[in-house]
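In what follows, chains carry the letters A, B, and so on, assigned in the order in which the sequence lines appear, proteins first and then strands, with residues in each chain numbered from 1.
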Amino acid sequence: MTERTKGDLVLDVSQLRIEVRTDAGPGPVLVDDVSFTLRRGEVLGLIGESGAGKSTIGLAVLGYTRANCFITGGSLRFHGRDIRTMSAAERRALRGPGVAYIAQSAAASFNPAHTILQQVCEIPIQQGLLSPAAARSRAIGLFRELDLPNPEQFGDRYPHQVSGGQLQRAMAAMAMAARPDILIFDEPTTALDVTTQVEVLASFRKLIREHGTSAIYITHDLAVVAQIADEIMVLRQGRMVEHGTADAILHHPQQDYTRRLVAERFEAHGHHAQDSGALLELRHVVASYASLLRVVNDVSLRIQRGDTLAVVGESGSGKSSLARVIMGLLPREAGDIRFRDEMLASRLKDRTREQLRRVQMIYQSPDVALNPNQTLLQIIGRPVQFYFRRSRAEVRARVLELLAMMDLPADYIDRKPGALSGGQKQRVGIARALAAEPDLIICDEVTSALDQLVGEEILKLLKRLQEELGIAYLFITHDLGTVKRIANKVAVMLKGEMVDGGETEAVFAPPYHPYTQLLLSSVPEMRSDWLDGVLAGRAG
Amino acid sequence: ATEDAHAAETPRRGGTMRLGIGGGSTTDSLDPATWNDSVGTTGGFAFFEPLIETGAGNAAQPGLAASWEAKPGATEWVFNLQKGVTFHNGKTFTADDAVYSINLHRGKTKSGAAGVFSAIMDVKKTGDNQITISLKAADGEFPAVLTDYHCRMVPEGTTDFTKPVGTGAFTVAGYQPGVRVHGTRNPNYWRKDRGFLDAFDLTVINDSTARLNALMSGQVDTINRVDAKVANLIKAKKGYELVVSPGGWHTVVSLMQDKGAMFENHDLRLAMKYGIDREQVVKTLMGGYGSVGFDHPIPRGDANFNTALKPIAHDPDKAKFHLKKSGFAGTVTIQSSDAAFNGAVDMATLFQGNLAKAGLKVDVKKEPADGFWSNVWLKGACVVSYWAGRTTATQMLDVGYGPGAPWNESHYQNPKFTALLNAARAELDAGKRKSILFEAQALMSDDVAALIPAFRNSLDAHNGKVGGLVPASLSDMDNSAITVRGWMKA
Amino acid sequence: MLRLVMLRLAFGAMTVLAASVLIFAGTELLPGDLATAILQNSATPENVAEMRAQLGLDRPAPVRYAEWISHAAQGDLGISLSNQHPVAEELAPRLRNSFFLAAFAACVSVPLAVLLGLLAAIYQNSWYDRAVNFITLLTISVPEYLVGYLLVKYLSVRWGLFPSLANVAPENTLLERLDLTFLPMLTLVLVVVAHMMRMTRASVLNIMASPYIEMAFLKGLTKSRVVVRHAFPNALAPIISVIALNLAYLIVGVVVVEAVFVYPGLGQLLVDAVAKHDLPVVQACGLIFACVFILLNLLADIMAILSNPRLRRAR
Amino acid sequence: MVKLFGQRVPLPALIGLLIIVANLLAAAFAPWIAPFPEADVVGDAWAEADATYWLGLDNLGRDIFSRLLYGARMSIGLSLLITVLSFTIGVIGGFTAAIGKGWIDAALSRFVDLILAMPTLIFAFVVLSVMGTDLAVLVVTLACLDSVKVFRLARALAVNIGALEYVEVARVRGEGLWWVITREILPNALAPLIAEFGLRFTFAFLFVAALSFLGLGVQPPAADWGSMVRDYRDVIALDSPAPFYPAGAIALLTIGVNFVVDWLLALHARGYGEGA
Ligand SMILES: Nc1ncnc2c1ncn2[C@@H]1O[C@H](COP(=O)(O)OP(=O)(O)OP(=O)(O)O)[C@@H](O)[C@H]1O
Ligand SMILES: Nc1ncnc2c1ncn2[C@@H]1O[C@H](COP(=O)(O)OP(=O)(O)OP(=O)(O)O)[C@@H](O)[C@H]1O
Ligand SMILES: [Mg+2]
Ligand SMILES: [Mg+2]
């Protein structure tokens, strides 16, 4: 290993090109003509929409490509040696002590069969760098540095026994165990909720700074990368769009695409509905899963025609459960739900077809919400046929109309979901909900599986539909930025209870409810000193 | 490898003979009354002895009975027993034991001998070493009845056969039903002309291929029931010998002759008799190791075999003629099962093909092995079965075709036949009996409600070390007495 | 976890009980009844009626079932009809033999199958993988008795390496037993290895698609370590259940192999007993088979629970 | 490169497909292809192969080649019948249990566990001993025994798929059970079910062969490969190739089916292939 002085050139990637090749022949080019350098202690932010090739580049630095992907051009020099020409054994030796990887989902990336300590110590022991005892004490040191509870015993737990945020930090410890020159962070905080994200982000930054490690930080959230990166590279469809210092990209973006990315963050649009009587009203609703803890506890709320009610709260606070109670999928134990002045039955099967029709739902993950074996005609046409008993031709005409409304080409009507992009799938989900001509649509995190720009498009579409058709939304999210922009009412949930609620302006204006304030302060802002500010504020 | 060469050899004492015998089951026991197959007899004969043995040509020979004679009229027989014979437990063999042993097979019993012994009216002790048996009807050949393989001498009062006591050449050293019978020499054995082995070790091998393999791989010295398909292979193989015993074992297809049943029609029976190809059965099913049958159960080797009778040739035209005459237009269903004998289903299949040529439609119904003997045999209209040979021709005709005999499969009934049978049974003169039996055979050949297509030879095989395994007239393995009469060469 | 295991145990016991009812009811259905079976040739209507009374057959079935099962629970399995031996005595040596052969085959086949499967997973799509796949397919697609006969023909008759008969006797030493049972063992191994090996390979490969496996590669571990340390432990549950299934097969499903090698095991006993209508033996065999099956499945479930940290240690 | 339904077919799968097609053709057209009727004795037992009798004659002097062709008909037809029946029972039962939940699921699952606790071969043996070896009894017995295994798979699949949101959408829409099963769940469970079908089909084959060994299989003079192996086993000692023809036929078809199944499974697995 070379001597650690700041400023040495550690990694030099030039004109990298990665392609897919299968037995059937060459596939798409995933990464094309990407070049950058990384010096000791420097952090490069890689940013871009989903599928831009960020992970592919990050993995390539480890000398790793996924099945059927091949590096077909350019070079990756690690301390002057080209990773491409290394032997398999050299490449293995590179991973861990040279370059280490921190994946998006720690829960999925930790082996459930071994303890955390075993997995953290594996690299130094297997690479022959440390004795088991030394590896253990180093791991405990790292746990301490990362503010993990009980550092001495923490490692004896299995991955399923610790929380998501802790696990994400444990993965950082695993990556650091062999003191690598480069750390690759692949969206390490995306799976965490906002409040946890702040803490994890702070730990990472501390780690990098204290050890003087270089890092590539992959994300699609500009605000996050602003807190940690020295330089930022913007990618789109495998190609570099813009590359510069963090400040330059954030404050003086040159390219149109970058500018739009930056601009989305600052945009805000409010909206007011006229009072036109309650459409949906919940009174003291209580529900729980199989006599376990109450996931919805004494919730009351009211939605009017044309309203958008946002339900916010951290993960597991019972937002989705509330939606399920309204839909009748999770029978309530107590309380009333009134819809258009009728009492809604507790169970799905006791509701009339008309009641079912008037409340529709759109799901978080479009991949599992659409039957992969049906065409769009079947998916969207079925509610039309089911609720309105139209003829075949009428159904088809209606589906085409809906596709047009969703800005989807008419010839997609015979495609199956597999042939659509994520955003397109989500539009199909919306079209299916609209086909029932509902009064209320429940949207459960409809944008969180999509990347930022596409998500934004979906929000705009929903908004437009609301203006045209006067539909009310119950909008579940954990992204407060979105809430501010689209909702006129907010309900804040914590552990199944509604802790705060009312008009958006009122909720998001002082005096805050303490929990609302915590949520609000955790939303990253596009200032590179934001994180310092938050941490200072909390310490104080 | 000539068979008679053995007879000239002098037996050697000592050694252990290992036998691989087919025809055993985990439900076997050492109680002679329950014996029903080769393992029971081949194993059992080593421990228990009969009063009278079957000798060459089915002649009755002295066993534990030294001599016998019939009182005039042949309804009372006197048997003089061997003196000074002791059981394995040291007890001396007496008339009381003989009476007790015979009575084990009479009256309320599960014994397989119960049928033939039903002819006995009474068994009496008429001296320390003499018993007298009185019969319900005259029987000139009664001593042959006593050779029945179930009838073995045991000490008076024996009820538990798990620790068997007999007078035989061996004592039990190990017994696992359906697996193994193991015997060691009885040092006090009374006969000097037999019992040469130190020990024998019998393994039950029911699978024919496994049996052959065991012989070939040297794990056993001798096996019974060699498959005809591979008989020639053994014959040709150096160091191995095949022992062919033409015996009384024959295949039967019963044709139920009840009132109103289709086989009451004599022409239909004739159509079937002429329609089947007996040669083919011998050739394909028995690999040539057998001989065609004349639709009567007397084997060629029997002194009373009717040599004048002509074989029933395969003649589809004649069969067609009789079928037409019979006016029968339906389908005959042959019920068969491999439980009857290995190849029983094949035989039915062959006949199906043969009879099709004569215009008779035949279905073959393969019955499950389980329950074949209890549910199908004696009940079905047309059933494939087999008979092992009996020591005398009269006895054979009696059990299988006698009026009212429980095992008269086809309910055969013909007053003329009944008269002949009764006459033969009562006849003491061998010559006269022979001519009566000739007539009975000729009658059966034309009339009997059964097809007896072929007699099968039993085939045993052994390696070069076994001596004394000679062709026998009744069953395989020297009438199951190989352990007693055979020896091991050095 | 303890709760899970106890639950499984309780459920196992219930299944045994239910199976015993099924067996009892099943044997009641066998054609002919006990009395006629015992009397055989001398079965007249009066005799049968007398015998039925003597055997208690005239009592209602539930009463007889209760009696049978309570006796069985105390190890008394009744008296064999055909040779009057106590069934338990008859069964014991055969059960021991069956277990011995099964254990022998399992000791060879389980490690072999797991090893072959792991190697096939490590060298996925290599020539080795293809060859092993093909050969194991071949061994499962040939009837087991043919495999047995072929082994005998070459290894025993032609080359004289092993005995063709597996006629073990109580006095045999362990070494003799191993020699005698070598060929049946090999036959069984050939039959079961394929199934277990394919399952091992498939479940390991299935796990190989998980993110934590990619992570393991990114940690610079060798492929064999990734497969053995990271994929295998997580693939254990399905492998264990397939092993249990095959072990059960080895104990109760080898009638055919027993016939080919003349091995005194339980299967042959059952087949003979059914043929002879020896109902006490049939019932006892059925009960033992069901117990073995249920016990093995139970063990597999418990091992799967133990092998999974999520179930072993609650949060 | 051969393509089928727009999918590239790898070589082993292609071989497998060819084997299956050839077998199906043989089975379908046996009476027209076979040089002799299946049950006719045409010469001496165990006659060697020559120009007329391509594979020689069997234990009764019947043409082995012809019997092999007819055997394909019987064996494949029988296994197909058993498998189709067991899938019908198993899939309906499994789906009902998965969707019905509650006591239906509990009752069906416990019952299946119970049947699974019985050794299959022994169970079949006893049942066939009691009921007789009628073809219909054979098919129904084996299908029922097999269906419990299908039940488990079908139930697991339906539980997994039933938890997906598109099924929830259908339920929330108010669709009936029949629609949910046939339109939402079945099409998505088809690939693994087909793969399982292939495997169960070959097992049915071998199972019938094992029963034949115990004398409970197909009834003569009909030919089926399993009983042909059994009938010819004695001549292994004679170095006769006769037993290897039917055994080879079984092996070939099994391997063919497995090749195709492996390919189908690989196709199905592709969706999950991409990691992290
Ligand atoms: N094994 C593979 N074979 C073929 N294409 C692949 C493979 N892995 C990834 N891709 C494709 O490569 C492109 C880039 O993928 P990559 O994972 O690098 O994107 P990303 O920028 O990290 O996106 P995300 O934000 O969703 O993680 C995507 O279009 C993806 O579908
Ligand atoms: N089917 C279920 N059975 C039992 N508990 C459940 C079930 N579904 C959810 N829960 C639990 O109920 C609680 C609330 O879950 P819910 O899905 O409503 O949260 P959420 O606010 O939507 O979270 P997220 O933002 O992660 O979607 C959580 O603790 C969760 O673990
Ligand atoms: Mg990525
Ligand atoms: Mg949720």
Side-chain angles (χ1 to χ4, degrees), chain A residues 23 55 58-59 61-67 88-116 118-129 156-163 167 171 174-175 177-178 180 184 186 191, chain C residues 1 3-4 7 114 117-118 121-127 129-130 200 203-241 302-315:
Chain A
D23 301 349
S55 301
L59 290 171
V61 175
L62 288 133
Y64 182 90
T65 48
R66 290 185 177 145
E90 285 172 322
R91 231 176 260 168
R92 269 205 304 279
L94 168 77
R95 297 176 192 163
V99 189
Y101 188 76
I102 297 168
Q104 173 171 1
S105 165
S109 300
F110 267 103
N111 191 327
H114 304 303
T115 63
I116 291 171
Q118 281 172 334
Q119 300 188 59
V120 171
C121 294
E122 198 170 16
I123 302 179
I125 295 174
Q126 286 301 310
Q127 299 273 9
L129 302 174
D156 298 331
R157 299 203 223 168
Y158 283 90
H160 71 275
Q161 294 172 312
V162 305
S163 78
L167 207 56
M171 183 144 63
M174 180 159 82
I184 313 262
D186 193 351
Chain C
M1 175 199 68
R3 230 198 70 178
L4 263 180
L7 218 77
V114 170
L118 283 179
I122 293 174
Y123 301 109
Q124 191 198 353
N125 293 334
S126 68
W127 275 111
D129 184 25
R130 276 162 219 243
T200 307
S203 17
V204 167
L205 284 182
N206 192 21
I207 299 290
M208 290 298 278
S210 333
Y212 56 80
I213 296 297
E214 184 169 69
M215 191 67 213
F217 280 117
L218 293 176
K219 283 159 83 175
L221 305 178
T222 57
K223 180 142 188 191
S224 35
R225 186 173 167 90
V226 172
V227 169
V228 175
R229 281 282 298 172
H230 287 264
F232 183 56
N234 291 295
L236 265 178
I239 297 176
I240 289 175
S241 79
I302 291 174
M303 295 219 342
I305 291 174
L306 292 183
S307 81
N308 185 341
R310 273 166 203 276
L311 301 177
R312 189 172 60 213
R313 309 182 47 158
R315 188 181 270 271

4.5 Å side-chain heavy-atom contact, C:L218 and A:L59: yes

- prompt: Is any side-chain heavy atom of C:M215 less than 4.5 Å from a side-chain heavy atom of A:Q119?
  reply: no

Per-residue contact mode, A:F110 against chain C (heavy atom under 4.5 angstrom): backbone

task: Heavy-atom distances under 4.5 Å only: say whether A:A108 touches chain C with side chain, backbone, both or neither.
output: both

query: Which value, rounded to the nearest 0.5 Å, describes the distance between A:Y101 atom OH and C:E214 atom CD?
result: 6.5 Å

message: Nearest 0.5 Å, please: how far is CD in A:Q127 from NZ in C:K219?
response: 10.5 Å

task: Please collect all ring pair (Phe, Tyr, Trp, His ring centres under 6.0 Å) contacts where either partner lies in residues 209-229 of chain C, sequence neighbours excluded, each pair once.
output: none

message: Counting heavy-atom pairs under 4.5 Å with chain C, which one of A:R91, A:Q118, A:M171, A:M174 comes out on top?
response: A:M174

- prompt: Which heavy atom in A:R92 sits nearest to a heavy atom in C:G220, and how many Å separate them?
  reply: CD-O, 3.3 Å

- prompt: Excluding sequence neighbours, so at least two apart, what forms side-chain contact (heavy atoms from CB on, under 4.5 Å) with C:R225?
  reply: A:E122, A:Q126, C:L221, C:T222, C:R229

